[in-house]
Amino acid sequence: MPEIGEIIENKPIGGDYHRLVVRSKALMDSSPGQFTHLLVQSPKGPNTWDPLLRRPLSIYDVDGERASFLYKTVGRGTKLLANRLPGETIDLLGPLGRGFKITSAPALLIGGGVGAAPMLFLARKLHEQGRDFVVLLGAKTGEELAFAGDFGKFSSHLYLVTDDGSLGSCGLVTDSVPELVAQFKIPPKLYACGPIPMLSCLAGLAAQHNFTLDVSLEAKMACGVGACLACTCFLKDGSTARVCADGPVFPYEAIEWGRRDG
Amino acid sequence: MADLKVKLGSLALANPITVASGTFGFGREYAKFYPLSELGAVITTAVTLEKRMGNPPPRLVETASGILNSIGLENPGVDYFLQEELPHLKDSGAKVIVNIAGRTVEEYAQVAAKLATAPGIAALEVNISCPNVREGGIAFGTDPQMAQKVTRAVRDQWDGPLIVKLSPNVAEIALLAQAVVEAGADIISLINTLTGMAIDPHTWQPKLANVVGGLSGPAIKPVALRMVWQVAQAVSVPIIGMGGIMTVEDVVEFLLAGASCVAIGTGNFWQPTLARDLVAALDTYLDSRDLANVQMLIGQVGKGGAPWHSCV
Ligand SMILES: Cc1cc2nc3c(=O)[nH]c(=O)nc-3n(C[C@H](O)[C@H](O)[C@H](O)COP(=O)(O)OP(=O)(O)OC[C@H]3O[C@@H](n4cnc5c(N)ncnc54)[C@H](O)[C@@H]3O)c2cc1C
Ligand SMILES: Cc1cc2nc3c(=O)[nH]c(=O)nc-3n(C[C@H](O)[C@H](O)[C@H](O)COP(=O)(O)O)c2cc1C
Ligand code: FES
């Protein structure tokens, strides 16, 4: 059911990133990797339906009735969202989609850019379950990793990588993966979210080294609930899947990487 | 409580609010939000003879107060529909209207023949206008003779109420309406999406993999309203109006223009409970104006003042 939540906090945290915290009952039931489809405009204002569609945002963290989101202002919708103020109401539809399947294996969490968003909630769950895990976050610059401190609550094994070397090591996240995997005594399960080139590179590594890898995909969404087929992605077996309802998390082997350009 | 019942020929609906084809799947997802029996009817996503994979992604672009889509009629095919989707839809208590599409006249006829064998379908809606699929759709909807051929072919297979859904991508919508009525359509629905395009000025690439797509949402409402009104002048069969309906005022405007019933499409994406909410809102609208039934609105645009003005 769509829910009218309340904005508790909505602040810039550096590098075009914002953290939004809302009070929501519905999101208390979410699991890592699921998302919320939200209306950026105030439910109280006169509606011009511009922008018309909801915006999908991964659930960044859930702590009791406090649900948070990490978002990057990239266009009209996210810029309007950045103007919303604490105390205002916000129309939330969620939790939606199928999240990460947590297994008993140790875990390597990989977030590229804003793909870090679903990883904090996953880190919280793994931490609560007392599991062994490592977090690897990458971005273009150090400024775009201003949120990385949030992970300190749940993990002491945090690796940072930037394209320009301004924070952590210099390079791409994917460069560090084989090395990090080698440090685990038991082969870890990899959980990843980020741009498509990063994910398909990881899929290549996983195929080569026999890693277990779950990826969270993005697609342009309209309904967000599985009805309109706007978000379809093609699978290896020749069938299609709805990123919003069958995903956004998929085992990497299921995806036909060549046919995705969304 | 005003009387919301409407009769579109032999198709009787508990209220004039339905949901537009392709925006509501086969009802499964939205049934989680409210009982589908609260709607006048559910119009399914287009069903074709064979399963279709649809167009490559991206299939969706947001535009000013609207969206462009190029889903490309992705659907599991008529046999799967009959086995796996129709049963739950019937069980939900909803009136089921099945939208059908094809690449050839024969395909339309074959789909209709299969659906005619299944009990529990209230009406067929023939999509002669999908602008997304290169092989089919567009030619039928834009040419009166082709539109008649498809209508006759389906008419031969289907005895129940036959709805033909018109494409707005024509110069004279009234000519198409007259043509399909002559060929046996009992009801006309309109409008389907307007063909459009979006280009990324940074990459110089079209924003849809299919290059062109269908525009829907509030951006198309004035065009839809004008076409409903023109068709209402040109033919005497009942009309299902749609195109950008988001509020109860929009519903009222379509009824005033001559529609007996409306369909909510893109609005479902904005608010998943919209169609159900509009049933109650229409009732409130009528009550607050002391209108006993919804019939009192149909086709009344420009005809005298609204009744509550007469007592001032
Ligand atoms: C399941 C899911 C979870 C997501 N989680 C997050 C999150 O936690 N934090 C976050 O910042 N973003 C997330 N996104 C992406 C986010 O939804 C888009 O950035 C947002 O919708 C853009 O809206 P806009 O109006 O600001 O941009 P628009 O004006 O719509 O577009 C501006 C630019 O952003 C690109 N863009 C728009 N929508 C998407 C999209 N869905 N995916 C990729 N690129 C897009 C456009 O191509 C364009 O270049 C997620 C997307 C999905 C599908
Ligand atoms: C995502 C999407 C899929 C659609 N699929 C179909 C379809 O399968 N068959 C059809 O006749 N119309 C289809 N349509 C058109 C709608 O049924 C409707 O005629 C149109 O969108 C205008 O109404 P709206 O502005 O309320 O959405 C589709 C529209 C959208 C947005
Ligand atoms: S966004 Fe509608 S099916 Fe996924």
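All values derive from a computational prediction rather than experimental measurement. Chain identifiers are assigned alphabetically (A, B, ...) following the order of the sequence lines, protein sequences preceding nucleic acid strands; residue numbering begins at 1 within each chain.
Nearest approach of A:W49 to B:P218, heavy atoms of both residues: CB-CG, 3.8 Å. In this structure, B:Q271 and A:P2 approach most closely via the heavy-atom pair OE1-CG, 3.2 Å. Scanning both residues, A:A222 and B:F269, for their nearest heavy atoms gives CB-CD1, 3.7 Å. The shortest heavy-atom contact between B:P272 and A:R54 is CD-NH2, 4.0 Å. When all heavy atoms are compared, the tightest approach of B:Y34 to A:M1 is N-CE, 4.4 Å. Considering every non-hydrogen atom in both A:T232 and B:E74, the closest pair reads OG1-OE1, 3.0 Å.
Between A:R55 and B:E62, at least one side-chain N (NZ, or NE/NH1/NH2) sits under 4.0 Å from a carboxylate O, which counts as a salt bridge.
Only the backbone of B:T63 has a heavy atom closer than 4.5 Å to any heavy atom of chain A. Of the two parts of B:F33, the backbone and the side chain both hold a non-hydrogen atom closer than 4.5 Å to a non-hydrogen atom of chain A. Looking at B:K32, only its backbone comes within 4.5 Å of chain A, counting heavy atoms on both sides. Using a 4.5 Å cut-off between heavy atoms, B:Y30 contacts chain A through its side chain alone, with no backbone atom that close. Heavy-atom distances place both the backbone and the side chain of A:L229 under 4.5 Å from chain B.
A:K220 NZ to B:L208 CG: the interatomic distance, rounded to the nearest 0.5 Å, is 9.0 Å. With values rounded to the nearest 0.5 angstrom, B:M246 atom CE is found 7.0 Å from A:N47 atom CG. Note that SG of A:C228 is 8.0 Å distant from CG of B:N69, once rounded to the nearest 0.5 Å. Of the inter-residue distances, the one linking B:W270 atom CH2 with A:H37 atom NE2 reads 13.5 Å to the nearest 0.5 angstrom. Of the inter-residue distances, the one linking B:K51 atom NZ with A:T240 atom OG1 reads 5.5 Å to the nearest 0.5 angstrom.
Checked by atom type and distance alone, the side chain of B:S65 pairs as donor or acceptor with a backbone atom of A:T48 at under 3.5 Å.
Taking B:G27, B:A64, B:G267, B:G244 one by one and counting their heavy-atom pairs under 4.5 Å with chain A, the maximum is reached by B:A64.
The number of heavy-atom neighbours closer than 6.0 Å to CZ of A:R84, taken from other residues, nucleotides and ligands shown, is above 12. Around CD of B:E84, the count of heavy atoms belonging to other residues, nucleotides or ligands within 6.0 Å exceeds 12. More than 12 heavy atoms of other residues, nucleotides or ligands lie within 6.0 Å of NZ in A:K236, so this atom counts as buried by the packing criterion.
B:F24 places none of its side-chain heavy atoms less than 4.5 Å from the side chain of A:C223.
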